[in-house]
Amino acid sequence: MNIRFIIQRLILALFVVLGVTVVVFMIIQLVPGDPARVSLGQQATEENLRARRERLGLDRPLYEQYVSWVSNAIQGDLGKSLITNQPIGPQIMDRLPTTLQLAGLALLIGMAIAFPLGIISALRPGTLIDTVAMFVSQLGVAVPDFWMSILLVLLFSTTLDWLPPSGYTPITENFREWLDHMILPAMTAGFISASIQTRFIRSAMLETLRQNYVTTARAKGLRERVVIIQHSLRNAMITIVTILGLQMTALLSAVVVIEIVFALPGLGSLTLDAVDARDYPLIQATVLVMAVLVTLINLGVDIIYFLIDPRIAQKEY
Amino acid sequence: MTMSLSDQASPAPGLLAEASGRFVRHRLGMLGALIIGILILVALFGPTLAPYEPDKMHFMSPFSEPTSEFLLGTDDFGRDILSRIMYGARVSLQVGFISVGIAATVGTGLGMIAGYTRRRAIDEAIMRSMDVLLAFPTILLAIAVIAILGKGVTNAMIAIGVVYTPIFARIARGEVLSVKNEEYVQAARALGATDGAILIRHILPNILPPIIVETSLSLSFAILAEAALSFFGLGTQAPDPSWGLMLSESRKFFNNSIWMGIFPGMAIMLTVMGFNFLGDGLRDALDPRMKNVR
């Protein structure tokens, strides 16, 4: 049963990835008019247009273009940039770590805020701390991430002069400088992520705290800390893991935006540059990599979800 | 006593009154309704209410701090920020309503077909396509759609509409599955109603509450997405007033003219909070089972 569940999830993920490749491949096909002319501009000569069409593979039948694009992508060949003529694969590999590091750091910050706040709110519903936590959480969901980035730069960089306003140092070069550059973007994404997580952790905890097994645990005379951590939180984790998984998609979306505002060299800023330059192969590559990443994360969450609660497989399949 | 099938399918008036009562007692929901109500009035009557034309440049007063003449200050061109925010409300609401309208119509339609059809292949084809769209980080999918269609506010609406379609499809499908074997649907079928008539006249009214709730919540995300796209220069184009674009323009001057960025940001935040509160209130009023789900 265990292996069957995991195989079913793997097949589903494979189908999603296949669908993602079709959608991403269609980006260039759906450009109204002639993508070659759109990318080169109205002044382009017929000769240049022909060369660009050939370069983009538009002179071949659609299925042939797709098969060739996908088989190249599977082998790590994502084509060449129309602007720099450089292979795209290494550019993506260069940018991906920044995006992942930012997302990871933001998730950690988000969890560090959300877990204590969500649990305390659930333990004391209706009190001042609960009301404040829920208000801050509503605020975090409503605040535009790019606006919060600017406000944090104004406070921590311009006014207090504690942190650099933008720029980037790779983690391998200097950890301290890397952290200095990453902390503001990660705080922005982390705060927004914490706002959503807090609400879910609170409601998941409230739900488990009402269960009979928690009453029994208390009646047995177990210490409150044991009741909360081992009985209530452990069962609430099923909901929380699902939310963390869904959060990763939302978090990656926020990271794309925040990277651009802080001029961090990640996939988000690479995508925006590519859209500005109408560099279609680069747009396709960045979107493809991010979507595959999300699918892999969702697959990972499904498997963790199942490991935490094997009943899931029984219920669904 | 005779009763037509459509009468049977509509929610009883007592239930509506009960839901309205629950909504009126929901303090945050009422606050949300108040915020959105004011915003709609501002959007409708902006040209009458705004102190100045949004593009009028007061050459003698660039970077003016908030004063009695310019309540929220002016920007680098001397344009009145309050007037631009009031006109910007139009853009934000228009983008929000149209994009979520697209998502709700297409998504609910697809979800209803997927949930109602007896052919598993159709259900699978629709829902797996929705899964594929959900695999893209939302803003990235919107940017990709704009990369195809080009920059501009109309394309931003389509992009945001595409992004939120799968959410409505999932909700609608789930709801149809839960009601499609109810007696009133079987009765309609027995009386010879076509599938289309059953879906629209009998099932749709019964699955509307969660769709209405999702519409309100999605409006808040759509307004944030429009602001982000305009902030990056992909949505509303200058000189049209859009809150995201105003924030983008304020960045260069943020250190010395903080009001240029503070007020448009607050406008976005208040609007998003308004729709979220309204959505929470509607959810608790229309479908108390959904409380704490989202």
Side-chain angles (χ1 to χ4, degrees), chain A residues 12 15-20 22-24 26-28 30-32 38 138-139 141-148 150-151 153-154 158 199-200 202-204 206-207 249-257 260-261 267-268 271-272 274-276 278 280 283-284 286-287 290-295 298, chain B residues 28 124 128-151 163 217 220-221 223-225 227-229 231-234 243-244 247-248 250-251 254-256 258 261-262 264-266 268-277 280 291-294:
Chain A
L12 192 67
F15 269 109
V16 172
V17 169
L18 193 70
V20 163
V22 173
V23 172
V24 173
M26 290 310 285
I27 288 179
I28 203 162
L30 291 174
V31 172
V38 174
Q138 285 280 6
L139 208 69
V141 180
V143 68
D145 32 23
F146 49 92
W147 187 54
M148 193 176 160
I150 302 174
L151 292 180
V153 168
L154 191 70
T158 315
R199 290 171 75 172
F200 280 106
R202 176 182 180 272
S203 74
L206 274 177
E207 192 59 41
T249 322
L251 190 66
L252 279 175
S253 205
V255 160
V256 166
V257 172
I260 301 172
V261 180
L267 283 182
T271 313
L272 192 68
V275 171
D276 273 335
R278 295 190 179 278
Y280 293 116
I283 299 171
Q284 286 179 309
T286 51
V287 175
M290 287 291 259
V292 170
L293 203 64
V294 168
T295 311
N298 285 340
Chain B
L28 276 184
E124 286 290 323
R128 294 301 77 81
S129 312
M130 296 298 110
D131 284 347
V132 168
L133 288 182
L134 282 171
F136 295 90
T138 47
I139 199 78
L140 204 67
L141 182 58
I143 291 176
V145 174
I146 286 176
I148 297 170
L149 300 176
K151 296 172 186 176
V163 168
L217 295 170
S220 68
F221 291 109
I223 283 168
L224 274 177
L229 291 175
F231 183 81
F232 295 134
L234 302 176
W243 296 340
L247 274 178
S248 174
S250 76
R251 279 182 80 185
F254 216 84
N255 293 351
N256 301 316
I258 192 170
I262 286 287
M266 283 173 74
I268 299 172
M269 199 173 72
L270 264 178
T271 307
V272 172
M273 279 179 118
F275 278 117
N276 278 339
F277 290 162
D280 284 350
K291 203 171 179 177
N292 294 332
V293 166
R294 182 162 174 152

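Below, chain A is the first sequence line, B the second, and so on; all start at residue 1.
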Closest heavy-atom pair, Ile268(B) versus Pro144(A), reported as atoms and distance to 0.1 Å, is CG2-CG, 3.5 Å

Structural part of Ile262(B) lying under 4.5 Å from a heavy atom of chain A: both

Where does Val153(A) contact chain B at under 4.5 Å (heavy atoms): side chain, backbone, both or neither? neither

For Leu140(B), the option from Val287(A), Thr286(A), Ile283(A) that meets side-chain contact (heavy atoms from CB on, under 4.5 Å): Val287(A)

Please determine, among Val24(A), Val143(A), Val292(A), the option with the most heavy-atom pairs under 4.5 Å with chain B. Val143(A)

Using every non-hydrogen atom in the two residues, find where Arg251(B) and Ile150(A) come nearest and quote the distance to one decimal. CG-CD1, 3.6 Å

So what's closer than 4.5 Å to chain A heavy atoms on Ser220(B): side chain, backbone, both or neither? neither

Smallest separation among heavy atoms of Leu224(B) and Val141(A), with atom names: CD1-O, 3.8 Å

Considering only heavy atoms, which portion of Asp131(B) lies under 4.5 Å from any heavy atom of chain A: side chain, backbone, both, or neither? both

Under a 4.5 Å heavy-atom cutoff, which of Leu293(A), Thr158(A), Val255(A) has the most pairs with chain B? Thr158(A)

Considering non-hydrogen atoms only, spot the tightest contact between Ile258(B) and Leu154(A) and give its length. CD1-CD2, 3.1 Å

Counting only heavy atoms closer than 4.5 Å, note whether Leu139(A) contacts chain B via side chain, backbone, both or neither. both

Quick check on Leu234(B) against chain A: is it the side chain, the backbone, both or neither that has a heavy atom closer than 4.5 Å? side chain

Under the side-chain contact (heavy atoms from CB on, under 4.5 Å) criterion, do Leu141(B) and Met290(A) qualify, and how do the steps go? CA-CA 10 Å; Leu141(B) 182 58; Met290(A) 287 291 259; over 6 Å; no

Where does Val23(A) contact chain B at under 4.5 Å (heavy atoms): side chain, backbone, both or neither? side chain

In terms of heavy-atom contacts, Thr295(A) and Ala135(B) come closest through OG1-CB, 3.7 Å

Give a yes or no on whether the backbone of Gly261(B) and the side-chain of Trp147(A) come within a donor-acceptor separation of less than 3.5 Å. yes

I'd like to verify something: which residue of Val17(A), Val20(A), Asp145(A), Leu18(A) has the highest number of heavy-atom pairs under 4.5 Å with chain B? Val20(A)

Kindly compute the distance separating CZ (Phe232(B)) from CD1 (Ile260(A)), expressed to the nearest 0.5 Å. 4.0 Å

Residues Arg278(A) and Ala147(B): closest non-hydrogen pair is NH1-O, 4.2 Å

To the closest 0.5 Å, what do you measure between CD1 (Ile139(B)) and CG (Leu272(A))? 10.0 Å

When the 4.5 angstrom heavy-atom criterion is applied to Leu30(A) and chain B, the contacting part is both

Val257(A) portion near chain B, given a 4.5 angstrom heavy-atom threshold: both

I'd like to know whether Val294(A) forms a side-chain contact (heavy atoms from CB on, under 4.5 Å) with Phe136(B), so could you lay out the CA-CA distance, the side-chain angles of the two residues, the decisive distance to 0.1 Å, and finally the verdict. CA-CA 7 Å; Val294(A) 168; Phe136(B) 295 90; over 6 Å; no

Please round to the nearest 0.5 Å and tell me the distance separating atom CZ of Arg199(A) and atom CG of Asp280(B). 5.0 Å

Contacting region of Phe277(B) [heavy-atom separation from chain A under 4.5 Å]: side chain

Give a yes or no on this: more than 12 heavy atoms of other residues, nucleotides or ligands lie within 6.0 Å of atom CE of Met26(A). yes

